[in-house]
Each structure stands twice: as C-alpha cells, then as structure tokens.
J.: 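I'd like to ask some things about the structure below.
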Amino acid sequence: MSATFSQAYLSALQPYEEEMLQRLALLVNIDSGTGQVEGITRIMGYLRSWLEALGCSVTLHDGGQYGPHLVARLSGSRLAGGRRFLLVGHVDTVYAPGSASACPFRRDGELAFGPGVIDMKSGVIMALYSLRALLESHFSDFSEICLVLNGDEEMGSPSSTPLLWELARQADVGLVLEPTRSPEIITEARKGADRYLLEISGRAAHSGAEPHRGRSAVIELAHKIVAIDHLHALLPGVTFNVTRLGSSELLNVVPEMARCWISVRAYTQEGLEAAAEALEQIAACSSVPGTRARLTRTRGRVPYQATPQVRALVEVARLEAQALGLELVAEAKGGVSDANLLMQAGLPTLDSLGPVGGKMHVLREEFLRIPSLALRGALLAGVIRQLALQAAPAAEGADAPARS
C-alpha cells in the first residue's frame, strides 16, 4: 500500500475554499438547535439540493419533533464486492432560537465564528466537497458511499438511532465527521454513558417547631452525593457527574423529597456495570434514619473501543496523513458521539475526521480554522479512496480492515 492520494485531493479542494465558506455561512446563519424543526428543515433542503447536484440519491426521513434526517447515497462502479462507506454528521446545535441573528457567521483572518460553525456544520460542508473531489477525480472503485445527516445528535440521537443502526448494518466502514482540536488528531475510542435519577424520600415536619420529627431528604441526598464523588477513587477511569438537584422548597418545612441526576461514563461496559453496582449500594444504605432512596438507570450509548479492525483503519488514515505532512494521533475521548452507535451495530468506525476548531457550545467563541476545511477534507477523501482500493481484487489481503 505505497500510493497515497490525500495530497492530490488537497490541491483539488483548496480552490473551493471560498465556495465552502459561502455555503457554511448560509447554514450557520440558520438557527438549528435540537428541536428547532423549521431551521433544521431549511438546512436539509439546501443540503439535499447540493447533494443531488453531485449525483447523489437523497431521501429525507421523518424525525418527528427533531425534524428530518437526510440520507444521501452515491453508487460506485463496483456494486458487487466493493466497499460500502457510511459517513455520519449532524446539523443540530446546542443553541437557543435567535442565536444566529445575535452571533451571525463572521470571518477573522483564518478563523470563522458562529453558532455550530465547528460542531458541526463545517464538517457537513467538508464532507460534501470531499465527495466532490472524489467524483471529479473520476474515482468510483467502491460499492456505495452513504452520507447520513441527522438533526438530533446533541440530544443523543433519540429519533435517528434506528436509522443509524440500519445503515450501519449495510456498510463496511464508518467515518464520523465530528471536529477535532488539531489537524493531527482523530478518535479511535469513546466512553459509553448511562444516566441515573436518584430520588430520596424523607419525612416532612415544621423546621422551627418540630424539626426533630422530620427526616431531611436533602441531608440524605447530600451524604449520597459525597459518597458518589468518592467513587472516582474506587473506579479509576469512570466518571460520575451529579447535576440537576431539586427538592421540596418551603423554608419552614423539613424537606420530604430530594433528587438529583447522575451522568456516568466509562471506556468499557465492565466499567459501566461496576458503576451501576456501586450506585445501587449507595442507594441501599442511609445516613439519615427513616429516609429511603430509589435509583433509576437509563442506559445510554455503549463504549466505542479501539478494536483490531478500528486500529487497522487508523493505520490507513495515518498513511494518508503522512502525505499531508501530519503525524496522526488516534485518541480515546470521554465525550460520546454517533460513532458509539455505529460501533454498537458492529461497524468499524473512525471518528473526529472533521475540520479543526474549538470552543464548542460557547456561543460567541466557537470557531473553525478555515484552512482545515481543505486539509481535513483531503484526508477524508484519501482515506476513502485508500480503503476502497484495499477491497479491490488486486489489493485483497488479511491485513485489510474488514467488517467484523
């Protein structure tokens, strides 16, 4: 596997930088926070038009309260035996209505700013132009490239998960377009995440006249929160984040109810199960006599681990990155993405293949490094071509990354 392609794609993509920025500005200036259906629908309309102009067959799937999800398919010349790629991105953001008008797209030198500019509207635009570069190089030695763009990723992809699983089972390689903080970094693993609701029941009493008759649910919850924080020392690599505390709020009544939410993350399913057992033990005990606890677990995304198939994909990406003068580093990250869902469906996946930027979810500071549109777009195109050629008859071999 001596030939590389990313350098040629970089030269092909750089002339499109201004066009990419114009389209990116159009998308950034449309409010598309999760659940803002009107804006998400408008964005999907633009993307559908642009993708159909490339020759893709495009369908929109109803996401209910989250708006439509877009699936674009591009058929290659090797319908039998060729590699099938699944590219995944999202158009929703974390921002409230009015954010686009309050902080519209702007450019400052080699940086661009605006709501969702790096997470991840620039990754969506980059993917379109990577496909364009592949097509303009007359490369078609693949079975299919499928691009799915959802509108609910920031909420955990509740309505698009079944669609992602279905498409993952039809593919051989997953490539997720989440951004990165540096040109040299991609993601090969992510923590899984579970969510818990911890509810405490106590006994109400007048806090001035008869406080001794009360059993404070708030004090019991406080003891349990401290115990939960101590789990970080007992379960290294597992994180517990307690948030959204609440209770009965009358100042002259010993509170009979208190609750909190807990986000638990771990790199392995064993870590998540160990956390579940530890939380159950904390819930079963009490520091304030007469109080009771109820713990409810909501299972979330399973851990995305660096399997041998994933590491083989990393090596292909590393080769193409070297052609661009980059020494690629594959990281494990604590945050989750749709890559977790693809891996859960059995699809070997690389993540963080999108552009470079930072300050995600910070309205006035979120930024994109503009030159990375072409640079990382070239890496994506090179990886796709390299993997497609590995599946060709002359390149088949035991070391080629394959669907497990």
J.: Would Lys359 and Glu366 count as a salt bridge (Lys or Arg N to Asp or Glu O under 4.0 Å) if you check the C-alpha gap in whole Å, the side-chain angles of each, and the deciding distance to 0.1 Å?
T.: CA-CA 4 Å; Lys359 297 292 185 178; Glu366 181 173 340; over 6 Å; no

J.: So which heavy atom on Thr291 is nearest to which on Arg215, and how close?
T.: CG2-CB, 4.1 Å

J.: Any chance CZ of Arg369 has more than 12 other-residue heavy atoms, nucleotides or ligands included, within less than 6.0 Å?
T.: no

J.: Heavy-atom count check: over 12 atoms from other residues, nucleotides or ligands less than 6.0 Å from Arg318 CZ?
T.: yes

J.: So how far is it from Ser137 OG to Leu135 CG, rounded to the nearest 0.5 Å?
T.: 7.5 Å

J.: Would you indicate whether Arg48, at its atom CZ, is surrounded by more than 12 heavy atoms from other residues, nucleotides or ligands within a distance under 6.0 Å?
T.: yes

J.: If you measure from OG1 on Thr93 to CG on Leu27, what distance do you get to the nearest 0.5 Å?
T.: 12.0 Å

J.: Counting heavy atoms not belonging to Leu234, are there more than 12 under 6.0 Å from its CG?
T.: yes

J.: Between the side chain of Lys121 and the main-chain N/O of Ala25, is any donor-acceptor distance below 3.5 Å?
T.: no

J.: Using only heavy-atom distances, determine whether the side chains of Ser130 and Arg376 contain a donor-acceptor pair under 3.5 Å.
T.: no

J.: How about Ser286 and Arg292: does a side-chain donor come under 3.5 Å of a side-chain acceptor?
T.: no

J.: In Å, rounded to the nearest 0.5 Å, how long is the span from CG of Asp172 to CG of Leu347?
T.: 8.0 Å

J.: Indicate whether the side chain of Thr180 and that of Ser352 have a donor and an acceptor atom separated by less than 3.5 Å.
T.: no

J.: Heavy-atom count check: over 12 atoms from other residues, nucleotides or ligands less than 6.0 Å from Glu19 CD?
T.: yes

J.: Any donor-acceptor pair under 3.5 Å linking the side-chain atoms of Ser160 with those of Asn150?
T.: yes

J.: Take atom CD in Glu38; do more than 12 heavy atoms of anything else shown fall under 6.0 Å from it?
T.: no

J.: We want to know whether Ser207 and Asn252 form a side-chain donor-acceptor pair, criterion being a heavy-atom distance below 3.5 angstrom.
T.: no

J.: Considering all heavy atoms of both residues, which atom of Asp152 and which atom of Pro158 are nearest to each other, and what is their separation?
T.: OD2-N, 3.3 Å

J.: Once the angle between the rings of Phe367 and Phe113 is folded into 0 to 90°, is it parallel (under 30°), tilted (30 to 60°) or perpendicular (over 60°)?
T.: tilted

J.: Roughly how far, to the nearest 0.5 Å, is the OH atom of Tyr196 from the OG1 atom of Thr296?
T.: 10.5 Å

J.: What I want to check is whether the side chains of Thr187 and Asp351 have a donor and an acceptor closer together than 3.5 Å.
T.: no

J.: With Arg385 as the cation and Phe5 as the aromatic partner, state whether NZ or CZ is under 6.0 Å from the six-membered ring centre and within 45° of the axis.
T.: yes

J.: Looking only at the side chains, is there a donor atom on one of Gln305 and Thr307 sitting less than 3.5 Å from an acceptor on the other?
T.: no

J.: Using a 6.0 Å cut-off, check whether atom CZ of Arg107 has over 12 heavy atoms from anything other than its own residue.
T.: yes

J.: Can a side-chain donor-acceptor contact be found between Gln36 and Arg42 if the only test is distance below 3.5 angstrom?
T.: no

J.: For Asp338 and Arg301, what are the C-alpha separation, side-chain angles and deciding distance, and is it a salt bridge (Lys or Arg N to Asp or Glu O under 4.0 Å)?
T.: CA-CA 9 Å; Asp338 284 333; Arg301 293 178 178 177; 3.1 Å; yes

J.: Using the ring of each side chain (for Trp, its six-membered ring), is Tyr16 parallel, tilted or perpendicular to Tyr129, with breaks at 30° and 60°?
T.: tilted

J.: Please report the shortest heavy-atom distance between Tyr46 and Ile30, naming the atom on each side.
T.: CE1-CD1, 3.8 Å

J.: Quick check: are there more than 12 heavy atoms from other residues, nucleotides or ligands sitting under 6.0 Å from CE of Met155?
T.: no

J.: Answer yes if the side chains of Gln269 and Glu273 hold a donor-acceptor pair under 3.5 Å, and no otherwise.
T.: yes

J.: Got a donor-acceptor contact below 3.5 angstrom from the Trp261 side chain to the Arg195 backbone?
T.: no

J.: Going by an N to O cut-off under 4.0 Å, is there a salt bridge joining Arg23 and Glu18?
T.: no

J.: Which pair of heavy atoms, one from Leu163 and one from His69, lies closest together, and at what distance?
T.: CD2-CB, 4.0 Å

J.: Return yes if a side-chain donor-acceptor contact under 3.5 Å exists between Thr239 and His232, otherwise no.
T.: no

J.: Say whether Glu154 and Tyr66, considering side chains only, have a donor N or O and an acceptor N or O under 3.5 Å apart.
T.: no

J.: To check you understand the geometry: which heavy-atom pair defines the closest contact between Leu295 and Ala283, and what is its length?
T.: CB-CB, 4.1 Å

J.: When you compare the side chains of His361 and Asp119, does any donor N or O come within less than 3.5 Å of an acceptor on the partner?
T.: yes

J.: Which value, rounded to the nearest 0.5 Å, describes the distance between Ser77 atom OG and Phe142 atom CZ?
T.: 7.5 Å

J.: Do we see a donor-acceptor contact under 3.5 Å between the side chains of His61 and Thr59?
T.: yes

J.: Would you call Arg294-Glu199 a salt bridge at under 4.0 Å N-O?
T.: yes

J.: Can Glu188 and Lys333 be said to form a salt bridge (Lys or Arg N to Asp or Glu O under 4.0 Å), step by step?
T.: CA-CA 8 Å; Glu188 65 174 4; Lys333 290 188 170 67; over 6 Å; no

J.: Identify the two heavy atoms, one from Pro303 and one from Ala266, that lie closest to each other, and give their separation to 0.1 Å.
T.: CG-O, 3.7 Å

